[in-house]
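The block underneath contains the structure these notes are about, expressed in structure tokens.
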Amino acid sequence: MAEAAPLYDTYSRAPLRFERGEGVWLITESGERYLDFGAGVAVTSVGHSNPHVVGALKEQADKVWHLSNIYEIPGQERLAKRLTDATFADKVFFTNSGAEALECAIKTARRYQFSKGHPERFHIITFEGAFHGRTLATIAAGGQEKYLEGFGPKAPGFDQVPFGDIEAVRAAITDATAAILIEPVQGEGGVRPATNEFMKALRQICDENGLLLILDEVQSGVGRTGKLFAHEWSGITPDIMAVAKGIGGGFPLGACLATAEAASGMKAGTHGSTYGGNPLAMAVGGAVLDIILADGFLQHVRDVALVFRQGLASLKDRYPDVIEDIRGEGLLLGIKAAIPSAELLQAIRAAHLLGVPAGDNVIRLLPPLVVTAEEAREGLVRIERAAESIRASKVKKTA
């Protein structure tokens with residue numbers, strides 16, 4: 001009898017063991033090279049083993065790793081200043097993950113209403129298909145039954161409405177509503193972008209009703225759509241925003257950004273984190289921003305995204321029996337499969353390309369933002385190879 005694995009059985013892992021990475025490539029223990037268009041689920045924003053980021057980490061590792069927030073951490077002040085200078089925000093709270101950033105965002109919104117004399121206003125309107133993390137509060141905010149099942153009563157205070165339905169949003173507002181929480185592009189939910197008109201309408205509704213607008217840009221932020229943050233395409237600004245994934249380039253790092261007004265209720269002692277904002281994370285986050293904010297980098301993302309998107313559209317036209325639709329913004333793209341998406345993902349993986357499954361029968365394509373047009377075209381070649389193999393298999397079965 002085989003010995004039981006010592007790990008929790010919570011993951012269904014692909015039988016691949018990677019030893020090292022170089023830019024947009026991952027190399028297995030046996031030396032096979034895979035084009036990584038999953039990027040650790042939109043995390044490895046500036047590529048694997050990026051020399052500038054590795055250098056910043058090594059330099060900080062020789063100084064001090066951890067201090068705790070009992071003391072001042074200069075790296076936090078520097079990184080927060082860069083983030084506030086580049087965004088709508090005045091205040092930043094550093095976390096270790098996206099779920100923690102969302103927890104902070106939820107607490108900030110509720111505490112704001114409490115501090116203004118409205119403790120009854122703690123409900124947050126969220127959207128069907130959303131994914132905000134795996135904590136008890138964030139699975140309640142996401143509202144997906146598959147993540148809620150078996151974990152006891154759903155945490156109260158989250159009211160879900162259909163994604164993109166502005167009248168449903170208005171109808172859901174009550175005297176208990178504190179905020180609206182939305183992903184500008186639903187990632188895990190199937191790569192579904194909110195329209196600019198919808199985002200503008202949400203901003204207006206919040207202003208008219210004394211609500212805070214919270215954006216979950218954990219997946220869509222830090223250059224992923226070709227702007228520093230996805231909401232910039234719609235010309236609006238939030239009151240609170242959760243950020244993670246790409247900001248650390250692979251190192252655990254998240255942040256909750258807020259206006260001074262939205263964060264006004266978060267006084268000393270109301271929130272905290274042991275590891276959040278540690279010196280290693282701050283050094284890495286600063287190095288990632290060096291790259292993302294460099295002149296021309298976001299234009300590069302937009303240029304490569306156009307090449308990749310056009311190529312995917314061509315594949316859709318030529319393989320309608322395999323690819324039903326192409327979705328997304330920038331380098332946050334999705335293939336809605338015309339067959340079970342698991343079959344397409346397996347075929348893509350067999351072509352040594354990595355993608356990420358999502359809801360609504362979609363495969364996410366999230367290459368590192370440093371991907372070149374040539375590498376994007378190589379990815380298209382491999383997706384076409386996968387589509388051809390599926391078509392050939394169908395012909396063989398019907399022969």
Starting at CD of Q186, measure out to CG of L332 and round the result to the nearest 0.5 Å.
-> 11.0 Å
So, are E145 and K154 salt-bridged, with charged N and O less than 4.0 Å apart?
-> no
Tell me the ring-ring contact (aromatic ring centres under 6.0 Å, His included) pairs involving residues 297-353, sequence neighbours left out?
-> Y34-H352, F37-F308, F297-H300
Go through R224 and E329 one step at a time and tell me if the salt bridge (Lys or Arg N to Asp or Glu O under 4.0 Å) criterion holds.
-> CA-CA 8 Å; R224 178 56 54 186; E329 299 287 346; over 6 Å; no
Rounded to the nearest 0.5 Å, what separation is found between the CG atom of L102 and the CG atom of L181?
-> 6.0 Å
Verdict with reasoning, I326 to L315, per side chain to side chain contact (heavy atoms under 4.5 Å, CB included) | CA-CA 10 Å; I326 303 299; L315 290 176; over 6 Å; no
Indicate, with yes or no, if I390 and I363 share a hydrophobic cluster defined by side-chain heavy-atom contacts under 4.5 Å among Ile, Leu, Val, Met, Phe, Trp and Tyr.
-> yes
Please name the pair of heavy atoms, one in E183 and one in F163, separated by the smallest distance, quoted to 0.1 Å.
-> O-CE1, 4.1 Å
Minimal non-hydrogen separation, L57 against L280, with atom names = CD1-CD2, 3.7 Å
Test item: side-chain donor near acceptor, D216 and H132, under 3.5 Å = yes
Begin from the C-alpha positions of M199 and W233 and carry the test side chain to side chain contact (heavy atoms under 4.5 Å, CB included) through to its verdict.
-> CA-CA 10 Å; M199 296 296 290; W233 290 106; over 6 Å; no
Counting distance only, does the side-chain N/O of N278 pair as donor-acceptor with the main-chain N or O of Y275 below 3.5 Å?
-> yes
Decide, yes or no, whether a salt bridge links E59 with K63 under the criterion of side-chain N to carboxylate O below 4.0 Å.
-> yes
Salt bridge present between E384 and R318 (N-O < 4.0 angstrom) | yes
Shortest non-hydrogen contact from G355 toward L365 = CA-CD2, 4.4 Å
Just do the ring pair (Phe, Tyr, Trp, His ring centres under 6.0 Å) check on F131 and Y147 with the steps written out, would you?
-> CA-CA 10 Å; F131 181 82; Y147 299 126; 5.4 Å; yes
Just by distance, do the side chain of R20 and the backbone of I27 share a donor-acceptor pair under 3.5 Å?
-> no
Do the side-chain N and O atoms of S264 and E261 include a donor-acceptor pair separated by under 3.5 angstrom?
-> no
Salt bridge between R121 and D175, side-chain N to carboxylate O under 4.0 Å?
-> no
For D290, what residues pass the salt bridge (charged side-chain N to carboxylate O under 4.0 Å, His left out) criterion, not counting sequence neighbours?
-> R82
Heavy-atom donor-acceptor pair, Q113 side chain to H118 backbone, under 3.5 Å | no
Measure the CD1-CD1 distance between I205 and I173 for me, rounded to the nearest 0.5 Å.
-> 5.5 Å
Expected output: side-chain R327 to main-chain V191 donor-acceptor under 3.5 Å = no
With E208, which residues qualify under side-chain contact (heavy atoms from CB on, under 4.5 Å), at least two apart?
-> Q204
Salt-bridge criterion met for R203 and D239 (N-O under 4.0 Å) = yes
Taking all heavy atoms of A99 and all of G133, pick out the closest pair and write down the distance.
-> CB-CA, 4.1 Å
Which pairs would a plain distance check flag for residues 333-351, meaning a side-chain donor or acceptor within less than 3.5 Å of a matching protein atom at least two apart in sequence or in another chain?
{"unit_1": "K336", "atom_1": "NZ", "unit_2": "D360", "atom_2": "O", "d": "3.0"}
{"unit_1": "K336", "atom_1": "NZ", "unit_2": "D360", "atom_2": "OD1", "d": "3.3"}
{"unit_1": "S341", "atom_1": "OG", "unit_2": "N361", "atom_2": "OD1", "d": "3.2"}

Evaluate the criterion salt bridge (Lys or Arg N to Asp or Glu O under 4.0 Å) for residue pair R391 and D321; output intermediate values, then yes/no.
-> CA-CA 8 Å; R391 181 174 283 178; D321 52 328; 2.9 Å; yes
With a cut-off of 3.5 Å and sequence neighbours excluded, list every side-chain donor-acceptor pair involving residues 38-47.
{"unit_1": "T44", "atom_1": "OG1", "unit_2": "A39", "atom_2": "O", "d": "3.4"}
{"unit_1": "S45", "atom_1": "OG", "unit_2": "G246", "atom_2": "O", "d": "2.7"}

When you check the side-chain N and O atoms of S389 and R385, is any donor under 3.5 Å from an acceptor?
-> no
Using only heavy-atom distances, determine whether the side chains of E103 and T135 contain a donor-acceptor pair under 3.5 Å.
-> yes
Contact summary for A358 and G187, nearest pair of heavy atoms = CB-O, 3.7 Å
Nearest-0.5 Å distance, NZ of residue K107 to CZ of residue F114 = 13.0 Å
Is the shortest side-chain N to carboxylate O distance from R17 to E19 below 4.0 Å?
-> no
Under 3.5 Å: donor-acceptor pair, side chain of Q160, backbone of I125 | no
By side-chain contact (heavy atoms from CB on, under 4.5 Å) - contacts of T108 (at least two apart) = C104, I240, C256, M266
Measure the CD-OG distance between E100 and S273 for me, rounded to the nearest 0.5 Å.
-> 5.5 Å
Can you list the steps and then say if V288 with I292 is a side chain to side chain contact (heavy atoms under 4.5 Å, CB included)?
-> CA-CA 6 Å; V288 169; I292 300 290; 3.9 Å; yes
Judged by atom type as modelled, is there a donor-acceptor pair below 3.5 Å linking the side chain of E375 to the main-chain atoms of V24?
-> no
Value for CZ (R170) from CG (L202), rounded to nearest 0.5 Å, stands at 9.0 Å
Short side-chain donor-acceptor distance under 3.5 Å, E188 and Q219 | no
S220 (side chain) donor-acceptor with V185 (main chain) under 3.5 angstrom = no
Nearest non-hydrogen partners of T84 and K81, listed with the distance | OG1-O, 3.1 Å
State yes or no: are the ring centers of H271 and F93 separated by less than 6.0 Å?
-> yes
Salt-bridge criterion met for E374 and R377 (N-O under 4.0 Å) | no
Is it true that a side-chain atom of N196 and a backbone atom of G235 form a donor plus acceptor pair closer than 3.5 Å?
-> no
Honestly curious: do M241 and F127 fall in one hydrophobic cluster under the side-chain, below-4.5 Å linking rule?
-> yes
Test V64 against L67 for side chain to side chain contact (heavy atoms under 4.5 Å, CB included), laying out the working first.
-> CA-CA 8 Å; V64 61; L67 291 168; 3.8 Å; yes
